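First the proteins, then the strands, lettered A, B, ... as listed; each starts at 1. All values reported here derive from a predicted model rather than from experimental measurement.
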Protein chains: 2
Amino acid sequence: MEKPKDKPEVEVSDAALRDLVGYNMKRAFNVVQADLARTLEPFGLRMLTFSALSMIVENPGLRPSQLAGALSVERANVVVYVDQLEEAGWVTRAPSETDRRAYALQCTLAGRQVYDKARAAVRAHDRRMLDGLREVEIAAVKKALMRIEGLG
Amino acid sequence: MEKPKDKPEVEVSDAALRDLVGYNMKRAFNVVQADLARTLEPFGLRMLTFSALSMIVENPGLRPSQLAGALSVERANVVVYVDQLEEAGWVTRAPSETDRRAYALQCTLAGRQVYDKARAAVRAHDRRMLDGLREVEIAAVKKALMRIEGLG
DNA sequence: CTTGGGTAGTTATGAAATATAACTAATGAG
DNA sequence: CTCATTAGTTATATTTCATAACTACCCAAG
């Protein structure tokens, strides 16, 4: 049997995987995720705490279980996000008027201020990620992504 | 001060996040990842072990450190993937001819067979994810994803 | 040849994200 | 009132991924 040669200098090919949109999506998303984390870090936010804060700003009085549904995460994990946002003084847990088990999540003035700044930074990050793409291409990407999401 | 109302029945809006391509990408990728995991599970493969196997099939004699670079993961994690592939009898660690520290990764006949079947299933999964999109749109998505990846 | 800095693979470990199970308190239908 | 269900929480397990340190080895300078 002939010995297997190793490839110390030759370029590694991933052509078979490149065919797959999922592979390209994972690699692109890794880049986006890393850049977004760097973008949010100065604000003391992470991807999911920023998303949660955004949801609370957009939907005042939102309840944790609704937040879990909107973010597609478990209720148990939402507790951690809200804890962090509450400790930072950006979100409050007000008692619900209609259900004594539930809370109405509200964002504070400080929360609104950090959100506005973080949102501007995130939008700049998003534009950076799309740099060099034409509007029609961006639209195609958004449409495709939302269609894919709808399959799940 | 007026009491905060909660929103027990109203639909939760994520419009601010929907503007961001990164948010749409994360949600779409979650769907893709879940479907891919279901697709690979019957073969005893996961996303990264399938990717590793594909790389080894495409690049016989590949070395673990090269595999780490190609997959953008740490060398230490590659050990785990190769361990799994080796235990399943799909990949062998042959001694390198040129460097006694290194291994030349080879896929076995059984490895090639499971790869061919898994690859067909993954390609079907990929087509399923793109169902309803036109060729031009798919091309735009691929181009955009590769461009975004190039920023990292 | 020898010596020292760097590299390949491995191991052990830690950090972070995410999921599961069980608990308390409250709701709401019958 | 009773009881199955739900909201929020807690504790815990799992998984993923990165870091540090180790051995064996390579290689180039002296």
Sequence-distant partners of [X], side-chain hydrogen bond (donor to acceptor under 3.5 Å, both in side chains), two or more places apart:
X: A/K143; answer: B/E137
X: A/T108; answer: none
X: B/D99; answer: B/R101
X: A/N24; answer: A/R18

Nearest heavy-atom pair of [X] and [Y]: which atoms, and what distance?
X: B/S54; Y: A/L17; value: OG-CG, 3.6 Å
X: A/C107; Y: A/L53; value: CB-CD1, 4.4 Å
X: B/A144; Y: A/V141; value: CB-CG2, 3.4 Å
X: A/G22; Y: B/D126; value: N-OD1, 3.1 Å

Under 3.5 Å, sequence neighbours excluded: what are the donor-acceptor pairs made by side chains of residues 39-46 of chain B?
{"residue": "B/T39", "atom": "OG1", "partner": "B/D35", "partner atom": "O", "Å": "2.8"}
{"residue": "B/T39", "atom": "OG1", "partner": "B/R128", "partner atom": "NH2", "Å": "3.4"}
{"residue": "B/R46", "atom": "NH2", "partner": "B/Q84", "partner atom": "OE1", "Å": "3.2"}

Checklist entry - What ring-ring contact (aromatic ring centres under 6.0 Å, His included) pairs are there with at least one residue in residues 99-145 of chain A, not counting sequence neighbours? => result A/F50-A/Y115

Checklist entry - Using the C1' atoms of the five pairs at each end, what is the angle between the end axes of the helix from C/dC1-D/dG30 to C/dG30-D/dC1, to 10°? => result 20°

Could you state the [atom1]-[atom2] distance from [X] to [N], rounded to the nearest angstrom?
X: A/Y103; N: D/dT6; atom1: OH; atom2: C1'; answer: 15 Å
X: A/R101; N: D/dA7; atom1: CZ; atom2: C1'; answer: 5 Å
X: A/R93; N: D/dG8; atom1: CZ; atom2: P; answer: 10 Å

Checklist entry - For DNA chain C, whose closest nucleotide is more 5', that of B/P64 or that of B/K26? => result B/P64

Item to check | For chain A, the stretch of DNA chain C it reaches, first to last nucleotide, under 4.0 Å of its heavy atoms | outcome: C/dA17 to C/dT27

Item to check | Set of salt bridge (Lys or Arg N to Asp or Glu O under 4.0 Å) partners for A/R147, sequence neighbours left out | outcome: none

Checklist outcome for this item: Ordered by number, residues from residues 67-83 of chain A within less than 4.0 Å of DNA chain D (heavy atoms) are A/R75, A/A76, A/V79

Item to check | Interface residues of residues 37-53 of chain B with DNA chain C (non-hydrogen, below 4.0 angstrom) | outcome: none

Next on the checklist: Under 4.0 Å between a side-chain nitrogen and a carboxylate oxygen: does that hold for A/R127 and A/D131?
Outcome noted: no

When the side chains of residues 68-81 of chain A are checked against the rest of the protein, which donor-acceptor pairs come out under 3.5 Å, sequence neighbours left out?
{"residue": "A/S72", "atom": "OG", "partner": "B/R27", "partner atom": "NH2", "Å": "3.0"}

